[in-house]
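This one's a predicted model, so the numbers in the text were calculated from it and none came from an experiment. Values below: all heavy atoms of this structure, side chains included; hydrogens, waters and symmetry mates excluded. Every number for a ligand or one of its atoms is a count from 1 in the order of the listing.
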Amino acid sequence: MFPRHFLFGTATSATQVEGGCTNTDWYDFARRPGRIKGGDTPEIACDQWSRWPEDVALQQRLGMTTHRLSIEWARVEPRPGEIDAAALDHYRAVLGALRDAGIEPMVTLHHFSLPRWVRDAGGLLADALPERLARYALRVVSALGDLCSLWVTINEPSVLVAQGYMLGAWPPGVQSPVTAIRAHHRLLEAHVAMYRAAHAADAQGRARVGVAHHVRVVQPERPRRPGDLAATALMRRTFNEAFGRALTEGKLYGPLDVLSRSKRGFRVADARGTQDFLGINYYSRDVVRFSAARAAEMFVARGIPEGAEVSDLGWEIYPEGLGEVLRAWYARAKIPVYVTENGVADAADTRRGRFLVDHLAQVEAAIADGVDVRGYYHWSLLDNFEWAEGYAARFGLVEVDYATQERRVRPSGELYARIARERALPGPMRR
Ligand code: NOJ
């Protein structure tokens, strides 16, 4: 059984579902040949900008009690300092409808995409980024704070930095570990500024503000090889933990700290305690080895255990990892935890039901061990625009027919509805 107030919901993000916003770095990036699988773009996506009432009704019908969505910065602030009141009204309507349907919203302020003007003014590397994001956060929380108390400042900072600045697979397409470290540092500073702005804007003192951290399980491929151990430690301390530990310990992992010293007076110590809850996005495990050929990726080669079960994207399905991550992160931070994302690309829907039950069983066991997990957000409500993977990767509990925009609940969606309704996992499916 899950506790009475445990929240069950789904997660989405603006660029991935809304459609209709062409004023972002992602829109431009997707139009560059060869960048996105199948040449897909987020131009239409799930057309949720117009179809949102249907999607709220769908969640209500599935018995969801929470929903994580994001706000498109480019819509709210299309030009520097210029706030689009109609865009804020739109989000007010959505949040109001969610509340009326008994669905508690969690809103992400920054989920990967940037307004064009922010990109053109230096993107994540700009000295002004923290002020820009804080000003935006202040406006949004002032306008919507009466309808929402759970706020995520930044989604998966480490993924954004790795994909955009180290691997070059996402905008701005840079491949430089040193630049990635600078972007990471700037995002950390931005988070702290956003955290403070959100609290300053929240007149009623109800806001709870956190980060959705992407956390993986990382293990050495050959546990006796010093190289593999070093690669494992490096990936854990940088990609996996650096941002989160800066928020709990007020310190950055040594090498990152040295490389990201800035002249701007931001002290990492100020980051300590700037999250009211831990958001954990958990998907998979990496088995890593040292690879001299991969200098650009900090000498880390990632793989999966032989014979492991995988998703359509080749990611290992490893439910135990969620339990491990919840325990380890809670032990460090000792604040309420939300699983802000967890899901699987599975177009045939043959693995998602099992995936759900096995991962939720890990959550249930962690709660029984004293980990204060307050809610679970399955990624995703709908199939959507999976960034560089385009529309082929299908993460939805609800299938989207992109030709007609018809939504069809998958069997796993019905199963999740039942779990949410009964607040319990189906006995016969437990392992
Ligand atoms: C994490 C990201 O936050 C989300 O945007 C993405 O679609 C899912 N993981 C699946 O990759």
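Residue contacts with ligand 1 for Trp315 involve side-chain atoms from C-beta outward but no N, CA, C or O (heavy atoms, distance under 4.0 Å).
Counting only residues at least two apart or in different chains, side chain to side chain donor-acceptor pair (under 3.5 Å) contacts with residues 134-145 comprise Glu77-Arg135.
The pair Asp349-Arg394 fails the salt-bridge criterion, with no side-chain N (NZ, NE, NH1 or NH2) lying under 4.0 Å from an Asp/Glu carboxylate O. A salt bridge is absent between Arg116 and Asp25; no separation between the charged side-chain nitrogens and carboxylate oxygens falls under 4.0 Å. Between Glu406 and Arg51, none of the side-chain N atoms (NZ, or NE/NH1/NH2) sits under 4.0 Å from a carboxylate O, so this pair counts as no salt bridge. Between Asp257 and Lys251 there is no salt bridge, since no side-chain nitrogen of the basic residue lies less than 4.0 Å from a carboxylate oxygen of the acidic one.
Near Gln16, meaning under 4.0 Å from one of its heavy atoms, ligand 1 places the atoms 4 (C), 5 (O), 6 (C), 7 (O). Contact atoms of ligand 1 toward Glu156: 1 (C), 2 (C), 3 (O) (distance under 4.0 Å to a heavy atom of the residue). Close approach of ligand 1 to Asn155 (heavy-atom distance below 4.0 Å) involves ligand atoms 2 (C), 3 (O). Shown in contact with His111 at under 4.0 Å from a heavy atom are these atoms of ligand 1, numbered in order with element: 2 (C), 3 (O), 4 (C), 5 (O).
From the protein, the heavy atom lying nearest to atom 1 (C) of ligand 1 is Glu341 OE1, 2.8 Å. In terms of protein heavy-atom proximity, atom 6 (C) of ligand 1 is nearest to Glu386 OE1, 3.5 Å. The nearest protein atom to atom 8 (C) of ligand 1, hydrogens excluded, is given as Tyr283 OH, 3.3 Å; this is a heavy-atom distance.
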Check residues 164-177 and write down every donor-acceptor pair under 3.5 Å in which the side-chain atom is one partner and the other belongs to a residue at least two apart or another chain.
{"unit_1": "Tyr165", "atom_1": "OH", "unit_2": "Leu124", "atom_2": "N", "d": "3.4"}
{"unit_1": "Ser176", "atom_1": "OG", "unit_2": "Thr179", "atom_2": "N", "d": "3.0"}
{"unit_1": "Ser176", "atom_1": "OG", "unit_2": "Thr179", "atom_2": "OG1", "d": "2.6"}

